[in-house]
Amino acid sequence: MKLLHASLCLISLLLILPSIFAASSSEDFDFFYFVQQWPGSYCDTQRSCCFPTSGKPAADFGIHGLWPNYKDGTYPSNCDNTKPFDSSSISDLISSMQKSWPTLACPSGSGETFWEHEWEKHGTCSESVIDQHEYFQTALNLKQKADLLGALTKAGINPDGKSYSIESIRDSIKESTGFTPWIQCNTDESGNSQLYQVYLCVDRSGSGLIECPVFPRGKCGDEINFPSF
Ligand code: 5GP
Ligand code: 5GP
């Protein structure tokens, strides 16, 4: 009888163990994409843009998000609905976020709706490594390290509505940051392909850039526009 009981216990343990591991690894990830957007390319498309209530953002790349990802190209999202966005936990960061992570969606807002969306969809999936304050602080630190506009203008690539080779854009960012970026394009109202977002990869702890284990899909033309803002 004792033996039967022991074997039943062992069998149930063996059945439960994999699901325990699955639950914890579903919130795990391999690296981050750090994604910055060019405001001019968000605004000159067919959908409208609205400046934030704090005013027109600087003519610079702004943060879109810091996105946990798997090496196979898939990614987790909305990992923990028990940890809502809490602006009081990042009150010391708000003025930097207004400058570096401005919202351009309509209707105009302070940015909180954008930050809340990014935290809930992506940030909650990196909680095993960084908490909410660290998540936003990490993105702000990365923005300072990866000065995309500085890298481009140093190479003579300016937001002047002219067209530049995608290779020269990639090379100048690689030259300045040390790592290969992935460039995402969108199209302006006339259908021209243009520089929309730049992806860089970041290690699991959020402390530094790495070469991307995998790039997203999608393609720009060989020559793309860099619109003004
Ligand atoms: P889109 O389809 O416009 O490229 O992406 C829509 C949204 O899906 C992004 O803003 C982001 O939240 C999410 N997303 C798209 N691609 C990736 C990816 O490769 N990794 C992660 N983590 N999220 C992504
Ligand atoms: P994702 O594409 O990251 O999943 O979603 C972005 C969400 O944030 C969308 O619902 C979008 O309307 C909102 N959003 C607010 N401001 C911005 C912005 O400046 N850029 C982008 N890409 N999305 C924004």
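Side-chain atoms are counted along with the backbone in the values below, which use heavy atoms only and exclude waters and symmetry mates. Remember, it's 1-based here, ligands and their atoms both numbered in the order they're listed.
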Fill in: Pairs flagged by ring pair (Phe, Tyr, Trp, His ring centres under 6.0 Å) wherever residues 153-172 is involved - sequence neighbours left out
none

Give every donor-acceptor pair under 3.5 Å between a side-chain atom in residues 105-117 and any protein atom, sequence neighbours left out.
unit_1, atom_1, unit_2, atom_2, d
Ser108, OG, Phe51, O, 2.6
Ser110, OG, Glu112, N, 3.3
Trp115, NE1, Trp101, O, 2.9

Worksheet item: Is the closest side-chain donor-acceptor distance between Gln46 and Asp188 under 3.5 Å?
Response: no

Item to complete: Answer with yes or no whether the side chains of Gln132 and Asp86 bring together a donor and an acceptor at under 3.5 Å.
Response: no

Just list the N/O pairs, ligand 1 to protein, that are under 3.5 Å apart, with the distance for each.
unit_1, atom_1, unit_2, atom_2, d
ligand 1, 4 (O), Gln184, NE2, 3.4
ligand 1, 8 (O), Lys121, NZ, 3.4
ligand 1, 12 (O), Lys121, NZ, 3.0
ligand 1, 12 (O), His122, NE2, 2.7
ligand 1, 14 (N), Tyr75, OH, 3.3
ligand 1, 20 (N), Asn69, OD1, 2.6
ligand 1, 22 (N), Pro68, O, 3.2
ligand 1, 22 (N), Asn69, OD1, 2.9

Item to complete: Say whether Phe114, considering both its backbone and side-chain N or O atoms, lies within less than 3.5 Å of an N or O atom on ligand 2.
Response: no

Worksheet entry | Contacts of type side-chain contact (heavy atoms from CB on, under 4.5 Å), residue Pro216, not counting sequence neighbours | Tyr33, Trp182, Tyr199

Response to the item:
Atoms of ligand 2 under 4.0 Å from any heavy atom of Thr103, numbered from 1 in the order shown, are 15 (C), 16 (N), 17 (C), 19 (O)

Fill in: Sub-4.5 Å side-chain heavy-atom contact between Pro68 and His122
yes

Discussion item. Just by distance, no angles: are the side chains of Glu211 and Thr180 close enough, under 3.5 Å, to form a donor-acceptor pair?
Written reply: yes

